[in-house]
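What follows is one structure encoded as structure tokens, with my remarks underneath.
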Amino acid sequence: MSIAPMNITAPVIAPVEHTPKKQDGLGDAFSHALSEASNAEKTSTSQAERFAKGDPTMGIHEVMIASEKANIEIRYATTLKNKAIEAYRELMNTQV
Amino acid sequence: MSTTDFFTAMEVSASGLSAQRTRMNVASSNLANAQTTQAAGGGPYKRRDVVLSSVDMPGMQGHDFSQAVKGVAVTQISQDANPPRLEYDPGHPQANAQGYVAYPNVNPVEEMVDMITASRAYEAGITAMSTAVNMAERALGIGR
């Protein structure tokens, strides 16, 4: 009576491949948010300008909404920036 | 970007605000012309009414619930077909052969109610938008 040898053809746990691949980091997210904020700010400014010039198609609420949107976008970008800096500081404070 | 959903809510509210603003303009036009006996095209001024329709939001294409989230727009300003109010005033330059003057079919009480409704709907739209803004700000405060 013979014991059949274990035939392990493939490793149970596949090795993790550490290939550095290009992925969106915090920096990309931040620059994207920053460009969005810049666009929103530009829209807000141009709408306020059109309203001030007496454009009849421009309502007060549209101007206020655009400025509120710009406010949120800028705060989003600021929050991302703070998070990125926080994460960087956390890494820099690592004890070796 | 992640705040798109809140911005969609803001844009829907904005469309409602625009519609209510138009409605307010129409109501004040009706009130201002309540005594106008000679409008463009002859005859007394005819009461106007807005027709509101739901419209697709530009940012919602391809979204799962694009058919559920709709903005509103004024698609038509219709004229009230009710007959003009006739008043006996033979000395009036617009009086007909029987001495009656055709006044607009505008009822100031109705217009007041319309204005109050528009004002309340505008307030509701602003409240909805403030809530969306609050939610976005709360979301930004996560982890602070």
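If you're wondering where the values come from, they're calculated on a predicted model, not measured in any experiment. Chain letters run A, B, ... following the sequence lines, proteins first, then strands; residues in each count from 1.
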Do A/Ile60 and A/Met58 share a hydrophobic cluster (ILVMFWY, side-chain heavy atoms under 4.5 Å, transitive)?
-> yes
Taking atom CD of B/Glu137 as the centre, report whether more than 12 heavy atoms of other residues, nucleotides or ligands fall under 6.0 Å from it.
-> yes
Got A/Ile65 and B/Leu17 here, is their nearest side-chain heavy-atom distance under 4.5 Å?
-> yes
Identify the residues of residues 84-96 of chain A whose heavy atoms come closer than 4.5 Å to a heavy atom of chain B, ordered by number, or report 'none'.
-> none
Answer with yes or no whether the hydrophobic clustering places B/Val50 together with B/Val55; edges join I, L, V, M, F, W, Y residues whose side-chain heavy atoms lie under 4.5 Å apart.
-> no
Same apolar cluster: B/Val74 and B/Val26, side chain cutoff 4.5 Å | yes
Decide if atom CE of A/Met64 counts as having more than 12 heavy atoms of other residues, nucleotides or ligands within a radius under 6.0 Å.
-> no
How long is the gap from CG on B/Leu140 to CD1 on A/Ile72, to the nearest 0.5 Å?
-> 7.5 Å
Gap separating the CE atom of B/Met10 from the CD atom of A/Glu68, nearest 0.5 angstrom | 5.5 Å
Among residues 98-132 of chain B, residues within the sub-4.5 Å heavy-atom range of chain A, in order of number, are B/Tyr122, B/Met129
Closest approach of B/Ser18 and A/Glu62, non-hydrogen atoms and distance?
-> OG-OE2, 3.1 Å
